[in-house]
Amino acid sequence: MEDIFQWCREGNGFQVRVWLDDTEHDMNQGDDHGFSPLHWASKEGRANIVEMLMFRGARINATNMGDDTALHLAAAHGHRDIVHMLLRKKADINAVNEHGNTALHYACFWGYQAIAEDLVNNGALVSVCNKYGETPLDKCKGQMAQKLHELAAQTGQDFKKIKFKEQNWLGTKTRSRDATLSRHSGIGINELNLQVKLASTPSGETWRGTWQGNDIVAKILRVREITPRIPRDFNDEYPRLRIFSHPNVLPVVGCCCTPPNLIVINQYMPYRSLYAVLHEGTGIVVDTSQALKFAIDIARGMAFLHSLDPMIPRFYLNSRHVMIDDDLTARINMADAKFSFQEKGKMYSPAWMAPEALQKKQEDINVKAADMWSYAILLWEMFTREVPFSDQSPMEIGMKVALEGLRISIPPGISQHMARLIRICMNEDPGKRPTFDMVLPILEKMK
């Protein structure tokens, strides 16, 4: 494997850029010690590479085996410019590592006063205790503690000591390298430990399990008859779903092709789908701000998928096909794309589908415009917290949307800006609907 970690350490921006351009490369994987490319670039002071990785969507708060974030490493090594870059991207300023130390602990210990002052001014707490009961101020030398104490007082901090609390349950660890298989290696069915059936749908069964110590979800495709050609098509098509290069796309990490079992495998998402979050009580509060964040994540993921040439065929956008990561990032689930040999013409979630997608053959549809209609339904769903046409059966919905003009109605509670955007995205003329690149700046302005 090309050593992305070495290139980040050395500051080889050209090689890093070439590596990132391959959609199968996972920028959030960790090396043998859990250091991601962002960890190494932050530690070594490679500001250009940090900027490139953040622009491509690297996870800012990913932790290595010792629970260090990139901010810990930038602060500990005196890279003030990188500290500022990470803070602008909402790095968790008070994250603690396995010793209970925050980035401020390290800035104080190594005497980087300017960085320590920047951290305090941005909300770093001077009273957080590490495992050994020491606050950042206990690590200071000379007059530094006094200065930081004054700064903290000016910003209204409470000086009551905050006891150490484990944070490694947060699920911020980098992904291991063996969680991202090479495209040529299939997984033997005996390597999968499938434990709990999560769902059974007309397209297949979904199971939760483990593979090589990684929590995974395995989707066993339902295929009426396995002809000799189908395993060949499966092996040809699944590598296109291994998209590791975008933070809002959830890749297929591997496959198992041992007929009659055709299985696609992806990473387990603890909050499950957006549908589950909105309608099945997963404990996440989806207020307007969170709904807007999900909307932006989905638009970014779809804009990226629409930029691929050729595009992913037969992916139908709806809230069951959007997964929510442990850091509340919405990700488009590539395991829900349909293979060429799966039944065509069967629409299992017609409520989210454009009228023309229900009326015409796949090859006659403007797929990008149809996806935008589906996105409008998603926006409506997130901002009303309702299931579209929940009082009707899928067959009724499909017939009425396609032939009788059945449409969602926008209730008065939705902001006029959002209501207007939903209407624009649902223009009855597919050619007049916007693209995801056009929608993103509008959503950003609503924040």
Side-chain angles (χ1 to χ4, degrees), residues 1-2 4-5 19-32 34 36-37 56-59 62 171-199 203-221 231 233-258 261-273 301 304-305 308 312 315 320-327 329-339 342:
M1 174 185 160
E2 310 102 316
I4 181 63
F5 307 110
W19 189 88
L20 287 171
D21 283 340
D22 186 329
T23 59
E24 284 201 33
H25 289 155
D26 181 5
M27 80 184 94
N28 294 306
Q29 67 182 297
D31 63 12
D32 295 340
S36 68
R56 297 291 187 106
R59 298 178 77 177
T172 51
K173 286 271 194 285
T174 54
R175 292 191 275 273
S176 64
R177 273 197 263 192
D178 60 7
T180 57
L181 291 172
S182 97
R183 64 186 291 165
H184 300 296
S185 50
I187 301 170
I189 195 163
N190 56 345
E191 295 176 57
L192 297 174
N193 178 15
L194 304 184
Q195 297 149 345
V196 183
K197 188 194 282 190
L198 300 176
S203 61
E205 288 183 354
T206 305
W207 289 73
R208 182 180 175 186
T210 56
W211 169 73
Q212 292 195 0
N214 298 291
D215 287 331
I216 54 116
V217 169
K219 186 171 184 178
I220 305 171
L221 304 185
D233 289 346
F234 179 68
N235 282 318
D236 285 346
E237 291 173 33
Y238 104 85
R240 292 193 55 205
L241 307 178
R242 289 171 45 77
I243 299 172
F244 291 94
S245 59
H246 198 280
N248 301 118
V249 177
L250 182 65
V252 166
V253 297
C255 79
C256 171
C257 183
T258 51
N261 292 303
L262 302 178
I263 305 173
V264 287
I265 296 151
N266 60 4
Q267 183 189 350
Y268 173 69
M269 300 279 108
Y271 294 125
R272 300 185 290 147
S273 68
F304 175 77
L305 292 179
L308 298 177
I312 303 295
F315 175 79
R320 287 188 174 88
H321 298 169
V322 175
M323 307 307 286
I324 305 301
D325 210 335
D326 47 32
D327 60 357
T329 297
R331 305 179 73 187
I332 313 294
N333 189 9
M334 288 293 92
D336 287 323
K338 296 288 182 282
F339 288 84
Q342 288 181 283

- Item | Contact check, side chains of V252 and Q267, non-hydrogen atoms, under 4.5 Å | no
- Are side-chain heavy atoms of I332 and H321 found at a separation under 4.5 Å? no
- Closest heavy-atom pair and its distance - D31, F5: N-CZ, 3.5 Å
- Message: Test salt bridge (Lys or Arg N to Asp or Glu O under 4.0 Å) on D336 and R320; report intermediate values, then the result.
- Response: CA-CA 9 Å; D336 287 323; R320 287 188 174 88; over 6 Å; no
- Note on the structure: To the nearest 0.5 Å, atom CE of M334 lies from atom CD1 of I312 at 5.5 Å
- Pair R59-D327, side chain to side chain contact (heavy atoms under 4.5 Å, CB included): steps then yes or no: CA-CA 9 Å; R59 298 178 77 177; D327 60 357; 3.6 Å; yes
- Item | Any residue meeting side-chain contact (heavy atoms from CB on, under 4.5 Å) with D233, in chain and number order, not counting sequence neighbours | R229, E237, S340, F341
- Between CG of L221 and CG of L262, what distance do you get to the nearest 0.5 Å? 5.5 Å
- Message: For R56 versus P247, what's the shortest heavy-atom pair and its separation?
- Response: O-CD, 3.3 Å
- Query: Is there side-chain contact between W207 and I216, with at least one heavy-atom pair below 4.5 Å?
  - Reply: no
- Task: Flag the pair L241 / F315 as yes when at least one side-chain heavy-atom distance between them is below 4.5 Å, and no otherwise.
- Result: no
- Item | Shortest non-hydrogen contact from P231 toward C257 | CB-SG, 3.7 Å
- Would you say T329 and I324 make side-chain contact, with heavy atoms under 4.5 Å? no
- Note on the structure: Taking every heavy atom of Q195 against every heavy atom of G209, the minimum-distance pair comes out as OE1-CA, 3.6 Å
- Query: Sub-3.5 Å donor-acceptor pair from the side chain of R331 to the main-chain atoms of V249, do we have one?
  - Reply: yes
- Task: Establish, yes or no, whether a centroid distance under 6.0 Å links the rings of H25 and F244.
- Result: no
- Message: For a 4.5 angstrom cut-off between non-hydrogen side-chain atoms, does T23 reach F304?
- Response: yes
- Message: To the closest 0.5 Å, what do you measure between CG (N248) and CD1 (I243)?
- Response: 12.0 Å
- Item | Over all atoms of both residues, closest heavy-atom pair of S203 and K338 | CB-CE, 4.1 Å
- Query: Who are the side-chain contact (heavy atoms from CB on, under 4.5 Å) partners of A58, not counting sequence neighbours?
  - Reply: M27, N28, L38, L53
- Query: Are side-chain heavy atoms of N333 and N266 found at a separation under 4.5 Å?
  - Reply: yes
- Message: Please evaluate residues L192 and I265 with respect to the criterion side chain to side chain contact (heavy atoms under 4.5 Å, CB included), reporting the C-alpha separation (whole Å), side-chain torsions for both, the decisive distance (0.1 Å), and the verdict.
- Response: CA-CA 10 Å; L192 297 174; I265 296 151; 3.8 Å; yes
- Query: So, the side chain of N261 versus the backbone of C256: is there a donor-acceptor pair under 3.5 Å, distance only?
  - Reply: no
- Got T206 and V217 here, is their nearest side-chain heavy-atom distance under 4.5 Å? yes
- Query: Around Y271, counting heavy atoms of other residues, nucleotides and ligands shown, do more than 12 lie under 6.0 Å from its OH?
  - Reply: no
- Message: One pair to check against side chain to side chain contact (heavy atoms under 4.5 Å, CB included): V264 and F234. What are the steps and the verdict?
- Response: CA-CA 10 Å; V264 287; F234 179 68; 3.9 Å; yes
- Message: Could you go through K219 and E205, starting from their C-alpha distance and side-chain angles, then the distance that decides it, and tell me whether this counts as salt bridge (Lys or Arg N to Asp or Glu O under 4.0 Å)?
- Response: CA-CA 6 Å; K219 186 171 184 178; E205 288 183 354; over 6 Å; no
- So which heavy atom on W19 is nearest to which on D26, and how close? CH2-O, 3.6 Å
